[in-house]
Amino acid sequence: MTDQTSDLKIGGDPEPTVAVTLPRHVLVIEDEPNIIEAISFILSRDGWVVATHSNGETAVEAVLKLRPDALILDVMLPGRSGYDILQDLRANETTKDLPVLMLTARGQKNDRELAERLGVNKFMTKPFSNAEVLETMRALIEA
Amino acid sequence: MALPFNILVLVCLAYVVFLFLGAFGADKRASQGGSNWLGLPLIYTLSLSVYCTAWTFYGAVGYAARSGLEYVTIYLGPTLVMIGWWWILRKLVRIGRAQRVTSIADLISSRYGKSNGLGVLVTLLAVVGTTPYIALQLQSVTLSFAVFAAAAPGGFEGADLSATALWVAVGLALFTILFGTRNLDANERHHGVVTAIAVEAVVKLVALMAVGIFVVWGVAGGTTEIASMIADSPISNWNINPGRWAGLTFLSAAAFLTLPRMFQVLVVENVDERQLATASWAFPTYLMLMSLFVVPIAVAGLNVLPPDANPDLFVLTLPLHYNQQGLAMLSFLGGFSSATSMVIVASIALSTMVSNHIVMPIWLSARSGGATMSGDVRQLVLVARRVSIAGVLVLGWLYYRMSGGGAALAAIGLISFAGVAQVLPAMIGGLFWRGATRVGAAAGLIVGFAIWAYSLFLPSFGETGIMSDAVMADGPFGIGWLRPQALMGVDGLDPVVHAIFWSMVSNTTVFVLGSILSFPRPVERLQGAQFVNVFEHSATAQGWTRGTAESEDLLVMAQRIMGASEAQALFQSETERQGREGYLPDTTPDFLQRLERQLSGSVGAATAHAMVSQIVGGSSVSVDDLMAVADEAQQILEYSNQLEVKSEELTRTMRQLSEANEKLTALSIQKDAFLSQISHELRTPMTSIRAFSEILREGGLDDSGQAKYAGIIQNEAIRLTRLLDDLLDLSVLEAGQVTLNMRRVRLNEVLDSAVTAIGADRDTGGLAIVRTVAREDVEVTTDPDRLSQVFINIIANVRKYCDAASPELRIIVRQGKDGVDVDFIDNGKGIPKESQSMIFEKFSRLTDHQKAGGAGLGLAICREIMVKLGGAIAYLPGQGGAAFRVSLPR
């Protein structure tokens with residue numbers, strides 16, 4: 001009864017205005033279809049190449065395979081928590097410096113502390129402002 | 001005419017030979033086993049008369065002449081002790097027999113953990129305290145000789161009076177050695193000596209009463225006359241000083257128990273405990289008779305004899321004054337008997353102590369290792385005793401020479417009494433107080449002894465002695481409150497009372513404090529228990545475990561101490577008792593104890609223990625420890641029980657607290673988890689709503705995009721509303737604030753309304769619902785809306801989760817005795833066993849969010865509703881698909 005499919009979708013067409021720079025690749029790991037849709041839409045419109053993945057267990061594999069420039073990571077995922085995924089990524093030589101924005105709907109104080117201890121770059125609570133997500137992603141990529 | 005010196009000496013010798021024969025005969029009878037008359041209470045009573053020495057015989061009259069009736073106190077103390085024999089003497093004698101105590105030093109040593117240090121201390125104290133007393137006896141004999149010399153015209157021809165004391169000492173030493181150390185008796189009893197003492201007791205009494213009768217009826221002319229003479233004499237004017245009376249009575253009672261010679265006859269020579277009962281009245285009677293004529297003799301002497309006559313010798317000088325040679329001779333023999341009996345018994349007692357507590361331990365340690373295996377211990381003990389007897393008499397004679405024979409007899413006696421009385425606190429404490437310890441006893445003894453020596457003994461040597469006039473008057477170094485006879489500035493007390501008071505008070509205080517502050521060794525605790533509870537315990541000494549002791553080694557040692565035949569007999573009887581033949585029994589704890597007791601009769605408890613220890617090896621220590629553990633365990637049992645109860649209580653409280661804490665923690669975790677879940681469930685739809693709202697507001701979307709995103713926002717808003725409804729519903733149900741509208745309804749109607757409400761009846765191509773309408777025609781009392789809500793929830797779940805190709809739900813109604821069961825069974829995969837217990841918990845959605853569409857509160861709400869309706873909802877395993885049973889009361 002548990003949905004364990006992992007689907008990879010490339011978001012909408014990149015805007016020609018940002019073609020001057022190389023397209024940035026972002027992987028969104030999130031299991032709520034509506035939220036995936038929303039994030040994909042705003043990032044694509046900003047010139048990002050968006051890939052999505054909705055299963056926690058296979059998330060690390062997906063990251064290693066896709067080698068994105070930045071990562072948006074949900075906390076409550078089917079199969080495996082975002083914290084565990086982050087821990088694995090930080091332990092891996094190729095992904096230890098990968099910029100990660102964590103999104104959570106729980107947003108209690110200790111959640112943020114845990115995420116920071118594990119080496120998250122940015123931690124945001126749902127619901128988020130679209131503009132803020134875009135700004136954060138730009139900042140993460142430029143840092 | 002006066003008796004010539006030679007005749008006097010001849011009479012003395014004849015008397016001694018008479019005693020010798022009596023003693024010899026008694027010893028012989030005893031060794032032949034025919035000693036039944038020795039067991040007579042009368043003999044025991046008479047042997048106690050060693051209390052009445054030359055001091056009593058001569059000195060009492062002198063005492064009465066000087067201080068009136070006060071001499072009575074010297075008889076009063078022992079009388080009280082004998083009358084109260086049941087309390088102290090009986091226990092003392094029982095312990096003496098049970099522990100084979102050989103002397104008072106052995107008693108103290110044995111009581112306080114067989115400590116030889118204490119044995120040495122008491123021995124020294126006894127020697128120092130007894131020496132003046134022996135000197136006193138020598139002095140009295142010498143004085144009595146002198147009286148006869150003075151009565152004879154021109155004194156004794158060719159007689160050297162100054163040598164008399166020495167010759168008497170030598171003679172007594174010989175007699176004592178002969179009868180006191182003839183053999184080493186396992187019980188340390190001296191039948192010959194006891195017999196001689198008994199004979200002398202009779203002679204003393206007869207002589208004194210004869211003189212008394214002569215004075216009353218021969219000199220004064222009758223009882224009336226003597227009564228008027230007494231009334232006219234200064235004796236009747238003497239005031240009774242209550243403090244001094246009480247002090248002296250206490251002192252004589254204490255001395256009666258602690259004097260080495262008294263301990264010897266009271267405890268060591270006691271053959272049968274029952275003798276005490278007779279002696280308790282017979283001995284006071286004896287004392288009363290001894291004191292009966294003291295006052296008449298004193299009064300007559302004061303009246304008749306010249307003023308410079310020594311009152312201490314009235315008993316002799318009165319008959320001589322009236323030229324009663326025979327009576328004088330009898331009187332002389334009475335005094336002689338008093339002196340000799342005391343010296344004999346005292347020197348036996350002292351020599352036992354010296355050899356057991358000083359000579360043997362030194363010899364043992366000098367020959368450490370195989371000590372008990374080499375040399376003839378038996379011979380050594382005998383030699384040690386003989387030398388000790390001689391030594392004691394030499395000491396007495398030296399004291400006699402040093403003190404110049406000047407001090408009044410009674411004064412010397414009291415000094416001696418006060419000295420040995422220092423053992424009393426340790427003795428009585430040891431008998432009645434288990435808490436008394438070796439350290440306390442030793443400290444008390446030393447302090448009491450020191451104060452006695454400082455305030456009474458040393459000053460007794462007079463101005464020319466150790467204490468100078470200046471020290472006596474102003475204290476040492478001019479410290480006033482240290483004046484020997486006015487300690488702490490307590491002035492005006494009689495020196496003897498003063499010394500008794502301070503020494504006994506300090507002794508007792510230090511003893512008690514020392515005992516409380518020190519911790520007894522295991523052996524001490526054991527011995528303490530054995531002594532204090534002697535009437536409960538059978539006669540067992542400290543225990544031995546079966547050690548590595550070689551039976552043969554023990555036999556060799558025992559032979560050397562007890563003599564070959566006695567040792568062999570003991571070993572043989574033990575072997576027989578163990579059911580075998582020969583001389584080498586198993587070294588059982590029983591046997592070792594028995595052997596140690598036998599040996600302790602000869603060499604004292606401490607030495608016997610040490611000797612057996614040497615052969616048995618180090619095991620004695622572990623035995624001590626083992627026994628101590630048992631002993632202490634017994635002592636702290638109550639305390640430990642209390643602790644256990646307390647501890648149990650605490651454990652129980654702790655468990656309760658910890659359970660409560662766990663519950664609270666679990667509740668807190670549940671609450672946190674719930675809040676976290678709520679947060680997640682609320683924020684997730686809101687995230688979509690906000691994100692798409694912002695996108696729509698920014699514009700730039702085509703119509704279909706706008707419609708799509710507006711649709712998402714609408715759906716998420718509905719989801720959010722449903723979640724809030726569920727949450728409110730649940731919280732109302734959980735808080736118990738729900739109002740039920742109970743009534744009689746038909747079950748099929750409720751089911752109908754539920755199916756209709758969910759739209760399942762119109763759901764073409766969706767879920768097929770199979771019902772048996774005939775069985776649904778049941779009436780129940782319930783809230784139909786709430787029950788319908790439960791059914792809707794279940795059906796909605798099935799519609800959501802049933803993964804069969806063509807989903808089907810069977811609704812089966814069963815009527816039971818207590819109520820109605822409604823089963824909902826689908827044809828899907830069912831719920832995994834491990835998840836079945838969780839499905840009724842809040843937010844326990846098993847699938848991913850999107851597919852479920854709800855907040856995961858449905859079944860939790862169903863459970864709450866069913867509880868409120870008085871029924872239940874449960875997952876029904878083993879039905880193929882997922883199955884829920886709703887149970888309703890009728």
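Between B/Phe692 and A/Phe41, a ring centre-to-centre spacing not shorter than 6.0 Å is recorded.
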Checklist entry - Does the pair B/Arg771 and B/Glu808 meet the rule for a salt bridge (Lys or Arg N to Asp or Glu O under 4.0 Å), with working shown? => result CA-CA 11 Å; B/Arg771 292 169 63 181; B/Glu808 184 188 271; over 6 Å; no
Item to check | Verdict with reasoning, A/Ile29 to A/Val63, per side chain to side chain contact (heavy atoms under 4.5 Å, CB included) | outcome: CA-CA 9 Å; A/Ile29 302 178; A/Val63 174; 4.0 Å; yes
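Proximity to chain B at a heavy-atom threshold of 4.5 Å picks out nothing from residues 82-95 of chain A.
Results of the side chain to side chain contact (heavy atoms under 4.5 Å, CB included) test with B/Phe884 over B/Ile825, B/Ile831, B/Asp826 single out B/Ile831 as the only residue that passes.
By the 4.5 Å heavy-atom criterion applied to side chains, A/Glu37 and A/Asn34 are not counted as neighbours. You'll find the side chain of A/Phe128 reaches within 4.5 Å of the side chain of A/Ile39, heavy atoms only.
Heavy-atom distances place no part of B/Ile713 under 4.5 Å from chain A, backbone and side chain included.
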